[in-house]
Amino acid sequence: MDVKDKIIKAIQHALDSLQIFSDDFMPIDLSPPKQKEHGDLATNIAMILASKVKKNPRQLAQELITRFDLDPGIVSHVEVAGAGFINFTLNHQVLYHGLLGIIESREKYGHADWGNQKKTQVEFVSANPTGPLTIGHGRQAVLGDTIARLLKATGHNVTREYYFNDAGRQMRVLGDSVRYRYLQLLGKSVEFPDDYYQGEYIRDIARHIVKEKGNSLQDQGVDETPCFRDTAESIIFQDINTTLKRMDIHFDVYYNEKSLYETEKIDRVIQELREKGLAYDLDGAVWLKATALDLDQDRVIVKSTGEPTYRLPDIAYHKDKIDRGFELIIDIFGADHIATYPDVLAGLKALGYDHSKVKVLIHQFVTLTEGKEKIKMSTRKANFVTLDELMDEVGVDVTRYFFLNRSMSSHLNFDLTLAKTQSDENPVYYVQYAHARISSILQHARDRGYDPDIQGDTALLKTNEEIDLIKILLDFPRVVSDAANQYEPHRIPAYLENLATSYHRFQHAGKMDDSLRVVSENKETTHARLMLCKATKIVLANGLELLGISHPEKM
RNA sequence: GCGCCCGUAGCUCAGUUGGAUAGAGCGCAUGCCUCCGGAGCAUGAGGCCACAGGUUCGAAUCCUGUCGGGCGUACCA
């Protein structure tokens with residue numbers, strides 16, 4: 001990576017000596033070109049500056065490269081190409097050196113420390129306990145967990161948090177739904193309301209209550225005994241946590257909205273807003289003067305019934321996050337919450353807080369299809385596929401990979417029949433297979449008397465397949481840092497598939513040509529190639545680890 | 001009506017923040033192992049990057065408009 005800095009410095013030097021200064025702060029772009037014929041790194045600087053200094057870009061590029069002072073031990077070749085690109089080819093020594101670095105760093109390879117242990121919170125899932133987690137929640141759960149993993153790997157001090165509310169109207173309806181099922185189980189003929197929770201799990205909870213309490217609650221309304229609601233909540237929450245654990249997702253903090261009331265944080269927010277003239281009364285309700293904060297309409301924060309709307313606790317909650325010292329606060333929401341967060345940010349601004357610490361990531365919905373049928377998901381109507389059902393069907397690794405494979409801003413089309421029938425052709429197996437295959441070849445080498453931990457002469461690695469593979473391995477830290485920095489986990493699977501392809505190609509070469517076999521009579525090449533295998537295995541494992549996906553030794 | 005997201009191969013999706021000849025997986029066609037894992041490798045067919053303008057050396061990417069789909073636009077969360 002210092003290699004890149006050295007080249008940028010050389011370019012900067014050349015520009016200085018030509019008396020070219022770009023006054024607007026413009027970083028010099030130096031990135032790997034798409035095609036390998038164009039070298040390892042390329043810059044477009046000559047094309048960008050050409051018009052400013054009134055020169056033809058190619059000519060300017062020529063002038064620049066004659067002024068470069070680069071160690072040939074680092075950059076073996078520089079050329080002007082295309083419309084004025086400057087392409088750099090790295091000396092293989094740089095690659096060999098990097099390869100050794102991977103093996104030394106092991107499970108730390110790809111990790112970085114630019115997060116500076118910044119106190120970071122990732123809030124996700126945050127589903128109220130009204131039913132089992134669905135495929136829709138799954139996308140968010142996996143995204144949130146993986147973003148947390150990426151941030152941790154880049155040196156952030158990460159807290160995973162789950163925010164929930166077990167007090168509102170939803171929970172009352174839930175409790176009453178259970179009560180109705182309970183009465184039905186006791187043989188009462190009561191009609192189950194259409195807009196109540198229809199799911200089978202409600203019956204299960206009711207059965208549980210019958211078992212525990214018999215018919216002793218048959219004359220109790222939902223407001224007279226907390227039993228229906230509390231039992232439902234505790235069973236459902238347990239269920240949610242079991243599902244999350246199954247996906248290897250663990251939260252550090254469960255934050256209950258209720259506590260915001262108990263500690264009077266809600267009241268204080270209203271008071272403070274009033275003092276600043278940013279809240280006012282109208283029609284018996286309390287309004288947030290959002291128009292004074294560049295939003296298009298004012299919003300109710302306390303209803304005329306005296307109950308707050310979701311906005312108020314959300315503002316108080318985010319204020320509390322900042323008060324707890326978080327310097328980076330990541331909220332992961334589904335597209336249905338798109339309208340709510342500007343009010344929350346405006347509220348924070350109104351309270352004098354730095355809302356730029358809050359990053360709101362919106363993921364689009366999962367549209368579920370079965371063949372060509374589109375299924376509308378709704379917890380209330382019991383029209384959903386649970387995450388557990390999905391994992392039963394395709395397994396945890398496939399489930400996680402499926403959600404991570406695509407960018408969160410794109411709508412995810414989930415074809416159930418396809419997921420079931422093609423599960424063993426999922427690209428996740430392709431990546432895992434490469435890892436297992438390496439384990440196997442390392443074992444094979446040991447069986448033949450080789451010690452894979454002996455350091456070989458890396459300079460013997462020089463076929464196209466070997467060099468390409470090393471270059472991809474060395475790109476891993478950049479990919480991880482970019483993925484973390486942009487909150488885009490899907491870059492990791494894309495990278496891993498590419499890496500797996502490159503590895504398979506490398507090992508396959510030995511099938512076509514004996515002199516390219518990894519394990520052979522030639523001790524020197526064998527030791528060198530085993531190092532390449534080991535380094536690849538490390539990167540595959542580290543990458544899969546970041547995704548929360550297993551990296552089996554055997555499949 | 002207004003706001004956000006999306007429109008790229010038959011299907012599902014990438015596209016390194018504006019770069020060189022637009023990619024992968026699945027599906028389709030054709031090849032490749034007596035020995036390191038065939039859950040693999042190679043080759044091929046398949047594209048008006050939704051459409052129309054604009055910005056510049058250069059646009060799938062940025063701007064404007066149109067069409068199509070999703071989600072919002074609550075004194076629901």
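The structure presented is a predicted model; accordingly, all values stated were derived computationally and were not measured. The sequence lines fix the lettering, A, B, ..., with proteins before strands; numbering per chain opens at 1.
- Residue A:R491 has its side chain nearest to B:U16 when only B:C71, B:U16, B:A39 are considered.
- The nucleotide B:G3 finds its pairing partner in B:C71, both defining distances of the Watson-Crick or G-U wobble pair being shorter than 3.5 Å.
- The two residues A:N413 and A:F402 come nearest to each other via the heavy atoms O-CZ, 4.0 Å.
- Side-chain proximity of A:D336 to B:C6, B:G72, B:C41: nearest is B:G72.
- Taking the side chain of A:D514 as heavy atoms from C-beta on, and the options B:U12, B:C35, B:A20, the nearest nucleotide is B:C35.
- Salt-bridge formation is detected for the pair A:D331/A:K321: a Lys NZ or Arg NE/NH1/NH2 atom is positioned less than 4.0 Å from an Asp or Glu carboxylate oxygen.
- Between A:D298 and A:K289 no salt bridge is recorded (no basic side-chain N to carboxylate O distance below 4.0 Å).
- Here the separation of B:G47 from B:G1, taken at their P atoms, is 35 Å to the nearest Å.
- With both ends at atom P, the span from B:G44 to B:U55 equals 39 Å, rounded to whole Å.
- Heavy-atom nearest nucleotides on RNA chain B were determined for A:N413 and for A:E553, and the one closer to the 5' end corresponds to A:N413.
- For A:N44 against B:G19, a side-chain-to-base donor-acceptor contact under 3.5 Å is present.
- Residue A:S31 is out of contact with every strand shown, counting any heavy-atom pair closer than 4.0 Å.
- Separating the C1' atom of B:C26 from that of B:G46 is a span of 14 Å, rounded to the nearest Å.
- If you take CG of A:L516 and P of B:C35, they are 17 Å apart, rounded to a whole angstrom.
- Here the side chain of A:R505 is nearest to one of B:C41, B:C5, B:C76, namely B:C41.
- Across all strands shown, B:G47 forms no Watson-Crick or G-U wobble pair with both distances under 3.5 Å.
- Not a single donor-acceptor contact under 3.5 angstrom links the side-chain atoms of A:H411 to the base of B:C6.
- Within the structure, a side-chain polar atom (N or O) of A:Y430 is placed less than 4.0 Å from OP1 or OP2 of B:C41.
- At a threshold of 4.5 Å between non-hydrogen side-chain atoms, the residues A:L18 and A:L60 count as touching.
- Of the candidates B:G37, B:G19, B:A20, B:A20 carries the atom nearest the A:A42 side chain, counting heavy atoms from C-beta on.
- Under the 4.5 Å side-chain criterion, counting only non-hydrogen atoms from C-beta, A:I332 is not in contact with A:E123.
- The side chain of A:R406 sits closest to B:U12 out of B:U12, B:C71, B:C57.
- Across every strand in view, B:G25 sits in a pair with B:C11 that passes the Watson-Crick or G-U test at under 3.5 angstrom.
- One can find a donor-acceptor pair under 3.5 Å joining the base of B:A20 and the side-chain atoms of A:N87.
- B:G37: no Watson-Crick or G-U partner with both key distances under 3.5 Å is found in any strand.
- Across the interface with RNA chain B, nearest-nucleotide mapping of A:V300 and A:F402 shows A:F402 to be the residue nearer the 5′ end.
- When the C1' atom is used for both B:C2 and B:A74, the distance is 16 Å, rounded to whole Å.
- Within 4.0 Å (heavy atoms only), A:D475 reaches no atom of the nucleic acid at all.
- Between the side chain of A:S410 and the base of B:C13, no donor-acceptor pair of N or O atoms lies under 3.5 Å.
- B:C49 shows a glycosidic angle more than 90° from 0 and is accordingly assigned anti.
- A:I362 has its side chain within reach of A:Y341: a pair of non-hydrogen atoms, C-beta onward, lies under 4.5 Å apart.
- With both pairing distances under 3.5 Å, B:U55 is matched to nothing as a Watson-Crick or G-U wobble pair.
- Nucleotide B:G19 holds its C1' atom 9 Å from the CG atom of A:D29, rounded to whole Å.
- The partner of B:A20 is absent, by the rule that a Watson-Crick or G-U pair needs both atom distances under 3.5 Å.
- Stacking here means ring centres nearer than 5.5 Å and ring planes tilted less than 30 degrees, and by that measure A:H38 stacks onto B:A20.
- Between A:K511 and B:C33 there is no side-chain N or O to OP1 or OP2 distance below 4.0 Å.
- When distances are taken from the side chain of A:K303 to each of B:C76, B:G37, B:A42, the shortest belongs to B:C76.
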Residues A:F164, A:Y255; criterion ring-ring contact (aromatic ring centres under 6.0 Å, His included); working and verdict: CA-CA 6 Å; A:F164 69 100; A:Y255 196 104; 8.9 Å; no

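- Taking atom C1' on both B:A14 and B:U61, the two are 13 Å apart, rounded to the nearest angstrom.
- Counting non-hydrogen atoms under 4.0 angstrom, A:A83 reaches nothing in the nucleic acid.
- Contact annotation: A:H363 side-chain N/O to B:C71 OP1/OP2 distance is not under 4.0 Å.
- A close approach under 4.0 Å does occur between a side-chain nitrogen or oxygen of A:R437 and OP1 or OP2 of B:G38.
- Taking the six-membered ring wherever Trp is involved, the centroid distance between the rings of A:Y433 and A:Y430 does not fall below 6.0 Å.
- The listed nucleotides are B:A77, B:A74, B:C6; the one nearest the side chain of A:S409 is B:C6.
- In this pair, A:F85 lays its aromatic ring flat on the base of B:A20, centres within 5.5 Å and planes under 30 degrees apart.
- To the nearest angstrom, C1' of B:U16 lies 17 Å from NZ of A:K471.
- Residue A:H337 is in base contact, counting any heavy-atom pair closer than 4.0 Å across all strands shown.
- Rounding to whole angstrom units, CG of residue A:L412 and P of B:G70 are separated by 16 Å.
- As rounded to the nearest Å, B:U64 and B:C71 have C1' atoms that lie 24 Å from one another.
- Comparing B:C75, B:A20, B:G40 by their closest approach to the side chain of A:Y433 singles out B:G40.
- Taking the C1' atoms as reference points, B:C67 lies 8 Å from B:A50, given to the whole Å.
- Nucleotide B:U30 has B:A42 as its partner under the Watson-Crick or G-U criteria, with both atom distances under 3.5 Å.
- A distance of about 12 Å separates the C1' atoms of B:G7 and B:C13, rounded to the whole Å.
- Counting any heavy atom pair closer than 4.0 Å across all strands shown, A:Q507 reaches a base atom.
- You'll find that the side chain of A:R478 is closest to B:U16, out of B:G72, B:U16, B:C36.
- Here A:S407 lies in heavy-atom contact (under 4.0 Å) with sugar-phosphate atoms only.
- Taking the six-membered ring where the residue is Trp, the centroids of A:Y162 and A:F237 are separated by under 6.0 Å.
- To the nearest angstrom, C1' of B:C62 lies 15 Å from CD1 of A:I48.
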